[in-house]
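Notes follow the structure.
To find a chain, count down the sequence lines: A is the first, B the second, and so on, and within it residues start at 1.
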There are 2 protein chains.
Amino acid sequence: MSMPRAVRHINETRTLEALRRNGPMSRADIARELGVTRSTASALVASLVDIGLLTDAPDGTTEPDTEKRTGRPGTRICVNAEHAFFLGIEVGVGRGSVAVVDLSGKVRATREYRFSLERTTPQKVAELVAKDVRKTLAELGTSPQLRGGIATVPGLVDFAGHVVRAPYLGWRDVPFLDLMRAALPEVELVGLENDANAVAVADMQMTPGARKNVVYLLLDTGIGGCAVADGKVLRGNNGYAGELGHIIIGDKGYSSSERSTVDGSLESYVGRRALFARHDHYGGRSERISDFLTALDAGEKAAVATLDDWTKQLGRGLASIVSVLNPEQIVLCGPLAPLFARGEASARASLGAHLLAGSHVPQLSLTHLGREAPAIGAALLLQHNLFAYDEELLFGG
Amino acid sequence: MSMPRAVRHINETRTLEALRRNGPMSRADIARELGVTRSTASALVASLVDIGLLTDAPDGTTEPDTEKRTGRPGTRICVNAEHAFFLGIEVGVGRGSVAVVDLSGKVRATREYRFSLERTTPQKVAELVAKDVRKTLAELGTSPQLRGGIATVPGLVDFAGHVVRAPYLGWRDVPFLDLMRAALPEVELVGLENDANAVAVADMQMTPGARKNVVYLLLDTGIGGCAVADGKVLRGNNGYAGELGHIIIGDKGYSSSERSTVDGSLESYVGRRALFARHDHYGGRSERISDFLTALDAGEKAAVATLDDWTKQLGRGLASIVSVLNPEQIVLCGPLAPLFARGEASARASLGAHLLAGSHVPQLSLTHLGREAPAIGAALLLQHNLFAYDEELLFGG
DNA sequence: TATGTTTGTTTGCCAAACGAACAAATTAGA
DNA sequence: TCTAATTTGTTCGTTTGGCAAACAAACATA
């Protein structure tokens, strides 16, 4: 792209970003935010309105009621939410979800589906998912504006859209993006993403107060992770970074050795199967998280002892994560996250005990996102990428 | 900064970067490299020559002898090495080094010094270092061009230039940058940096073939670390990221519990004291690395057993690092790095055993940098920062 | 010697941001 | 109610800086 055009593109993107972050703003607001003159801001807005990305904010929009005293009031503009829709598809273990978000980042539709892992192939899954996507789109009646979609799987994904390894799906070197494209030709699927990465994107967008260094831990059958450093998802050399479930914290783990987990990894201590195995070890019995929680809430000794071990080991893993990444916050998500809520003190104590005295302990919190978080995150990822330019604070200020 | 001026600044920086990377180039080369027209490249070069940052390359310069057949030969220009010098100061455990690099990145002087940790205070260290810096500068006779300096310590440093914690110096909350400034007022000291981070910078600059995702492990009394992700040093929320020696890989460690190390951390298994403790455990005895290496090379049973344990534990730690960061390469540095050379197969086997089958294993290598690496890196860090703009490929191509 | 190729400079052009001026819209105060 | 102050949004001329084409210079080859 020629130089001046590139500068313009950057500023258009920054305008869009600012409006997405802050909601409706006047041209003068935008000028201040971007550090450009009002005339430049006007020109930028005009271009974007022409393309259809922005519109005048409806009069009824809640004006922020800032105690702005004097002067001519600005005409507020906002992103044209209807201009483009984005699709997110989560393929999970035996279930998944579908989500559609609009250009403003609002979730317009979600849907959950289930399938039997044992009796199906990746291709069948793709076809099944496609059916649910079509239903969702039909309900919205808006396929024309749909700009594309991204799918997620719980495992390693390469840049070409192949599932390198998804242990709990039993997939290995599956060209899932191609399969999805074949099953859903009417949508332009642009990528495949790790589920934890998508959850991170969803949480960052939905949670006010932008933090730049956050770690997400997705606690399920496998332990997924995503590290956000300096506002960007850490990808590593091949895109395999953030496999936080595989860090080594001990010798053996609680779950019996399997091909899907390494002995001694965080996952082998605090993954779903490890939890059940440990419960069994103490003489308890559970086959679902809800079983375990019921036993725990009833005060069952075995469950209490299991939780104690679980939190202690989680704390060890968190300590390693803190030492490597020094995040501001660690967000726990997934079906096992409720366990943390019930053993929080113990987990925090274990974390503290495995850090050098006086270390900076990040904020630990549970996500408030639902089960569709990966699908929503995937859609938001696309919404971001379409107009992104690798944001950097280059001009203005 | 106003917008058009910012664009110019970016391109000037890119010109400088290109010349630093590739050595002398013609204006046409620069134009191709930056993706701008020759006329623009000429203008950029003219500006930079005016400021004094660039000069015509001396005729004698080794022309790259590429088999360039026809056409008018270009007049090669290069960075004006003499235009600015940068100072790097390493404060290590009982020793340290000083280095001066010029604008071209060439090391112009180094010096090593020693001090007794037990009988001194941070202030005394600062004064002692200042003396060595003055000697070094006097030998060069070039204080006028000196643009500033950066110091390193083996420990956590905050953005304000305080040593938050340097266990093996016995320092805690020491405003070392201020002390250094007081002791060396004639040099503008602009920052304090972790030693491993500085080594990473040195290695990246000195090693051809730019890798974007590298992990440095500094094996000494403490185990320092630095993660480079996407070409940038990972800093985390408070600048404490990369404390790779503190990741938890087991229960207890080999070295007796001390306040400077957490039980079960990588450092407690493979740090200098852990090595000696383990050697002792097997009935050997060593007080210096060289003692241990001698015993090992003589085939002493205790030393062999110790090395075996050391490499196995190192492999566990490396596995965690790989899972979190997925680096292209892991570079081992520091006094204990020779141990890896002698137990490489075992370390690799352990690493592989603690990764999921089929994982991507990074290249493992030893650094070829000497003991002054931290000081050189600190100086290079400054050399980079002076003209940096957070490089991004924005224009051209 | 003629031709082709590459370099570096010159000149005019254009995109985009800047800056100042001005009308419009609103509040505060007399 | 009328005026002053303030903020917004637009207009228009200016400036910055990269682009494109033309051209002379320097070298290789035939």
Side-chain angles (χ1 to χ4, degrees), chain A residues 1-15 19 24-50 54-57 59 63-78 389 394-397, chain B residues 1-15 19 24-51 54-57 59 63-78 389 393-397:
Chain A
M1 185 179 335
S2 82
M3 205 294 299
R5 197 78 201 85
V7 172
R8 188 53 177 260
H9 182 244
I10 289 175
N11 280 331
E12 287 178 355
T13 308
R14 296 212 301 150
T15 306
L19 281 167
M25 301 165 77
S26 71
R27 290 165 174 80
D29 290 335
I30 293 171
R32 274 187 293 269
E33 177 102 358
L34 301 198
V36 299
T37 58
R38 289 202 306 278
S39 49
T40 301
S42 275
L44 287 167
V45 168
S47 304
L48 291 170
V49 169
D50 274 356
L54 301 183
T55 28
D56 288 295
D59 275 350
E63 308 208 359
D65 264 345
T66 73
E67 63 295 340
K68 193 180 49 179
R69 303 254 167 273
T70 73
R72 165 179 168 178
T75 60
R76 293 144 55 79
I77 49 179
C78 64
Y389 68 100
L394 270 175
F395 311 115
Chain B
M1 185 179 335
S2 81
M3 205 294 299
R5 196 78 201 83
V7 172
R8 187 54 177 262
H9 181 243
I10 290 175
N11 280 331
E12 287 178 356
T13 308
R14 296 212 300 151
T15 305
L19 280 167
M25 300 165 78
S26 71
R27 291 164 173 79
D29 291 334
I30 294 171
R32 275 186 293 269
E33 178 102 358
L34 302 198
V36 299
T37 58
R38 289 202 306 279
S39 49
T40 301
S42 274
L44 287 167
V45 168
S47 305
L48 290 170
V49 169
D50 274 355
I51 314 176
L54 300 183
T55 30
D56 288 296
D59 275 351
E63 311 206 358
D65 265 345
T66 74
E67 64 295 340
K68 191 179 51 179
R69 302 254 168 273
T70 73
R72 167 178 165 176
T75 60
R76 293 144 54 79
I77 51 179
C78 64
Y389 68 100
L393 236 169
L394 271 174
F395 310 115

Checklist line | Nucleotide nearest B:P73 (side chain, heavy atoms from C-beta), chosen from D:dT10, C:dA17, D:dA26 | finding: D:dA26
Checklist line | Interatomic distance, B:L54 atom CG to B:I30 atom CD1 [nearest 0.5 angstrom] | finding: 7.0 Å
Next item on the list: For A:T40, enumerate each residue passing the side-chain contact (heavy atoms from CB on, under 4.5 Å) test, keeping only those at least two apart in sequence or located in another chain.
Entry: A:V36, A:T37, A:L44
Check: Which residues satisfy the side-chain contact (heavy atoms from CB on, under 4.5 Å) test with A:S26, sequence neighbours excluded?
Finding: A:A28, A:D29
Next item on the list: For B:R76 and C:dG8, give me the distance from atom CZ to atom P, rounded to whole Å.
Entry: 11 Å
Check: Taking atom C1' of C:dA16 as reference, at what distance in whole Å does atom CG of A:L34 sit?
Finding: 14 Å
Next item on the list: May I have the distance from A:I77 (atom CD1) to D:dT8 (atom P), rounded to whole angstrom?
Entry: 13 Å
Next item on the list: Rounded to 10°, tell me the angle between the two end axes of the helix from C:dT1-D:dA30 to C:dA30-D:dT1, each built from five pairs.
Entry: 0°
Notebook entry, point to check: For the pair made of CE in B:M25 and C1' in C:dT6, what is the distance, rounded to whole Å?
Noted result: 16 Å
Check: With a non-hydrogen cut-off below 4.0 angstrom, is B:S26 in contact with a base, only sugar-phosphate, or nothing?
Finding: sugar-phosphate
Note to self: Output the rounded distance in Å from CD1 (A:I10) to C1' (D:dG18).
What the structure shows: 14 Å
Margin query: If you compare every side-chain N and O of B:R27 against the phosphate oxygens of C:dT6 (OP1, OP2), does one of them come in below 4.0 Å?
Written below: no
Check: D:dG9 phosphate, OP1 or OP2: any side-chain N/O from A:T75 under 4.0 angstrom?
Finding: yes
Note to self: Please report the distance, rounded to the nearest Å, between CD in B:E12 and C1' in D:dG17.
What the structure shows: 11 Å
Check: With sequence neighbours left out, what residues match B:E12 under side-chain hydrogen bond (donor to acceptor under 3.5 Å, both in side chains)?
Finding: none
Note to self: If the cut-off is 4.0 Å, is A:R32 near the phosphate of D:dT8, judged by side-chain N/O to OP1 or OP2?
What the structure shows: yes
Next item on the list: Please state whether the phosphate of D:dA28, meaning OP1 or OP2, lies under 4.0 angstrom from any side-chain nitrogen or oxygen of B:T70.
Entry: no
Margin query: Below the 4.0 Å mark, does C:dA17 have OP1 or OP2 next to a side-chain nitrogen or oxygen of A:N11?
Written below: yes
Item checked: D:dA20 OP1/OP2 closer than 4.0 Å to side-chain N/O of B:T37 -> no
Next item on the list: Quick one: closest heavy-atom pair of A:L34 and A:N11, and the distance?
Entry: CD1-O, 3.9 Å
Check: To the nearest Å, how far apart are A:H9 NE2 and C:dA15 P?
Finding: 18 Å
Margin query: Could you work out, with side-chain contact (heavy atoms from CB on, under 4.5 Å) as the rule, every residue matching B:S42, not counting sequence neighbours?
Written below: B:R27
Notebook entry, point to check: Which heavy atom in A:L19 sits nearest to a heavy atom in A:I77, and how many Å separate them?
Noted result: CD2-O, 3.5 Å
Notebook entry, point to check: Can you check the B:L44 CG to C:dT9 P distance for me, whole Å?
Noted result: 12 Å
Could you go through nucleotides 20-23 of chain C and list every protein N or O atom that sits under 3.5 Å from one of its N or O atoms, giving the distance for each pair?
none

Check: Closer than 4.0 Å, any side-chain N/O of B:T40 to the OP1 or OP2 of D:dC19?
Finding: yes
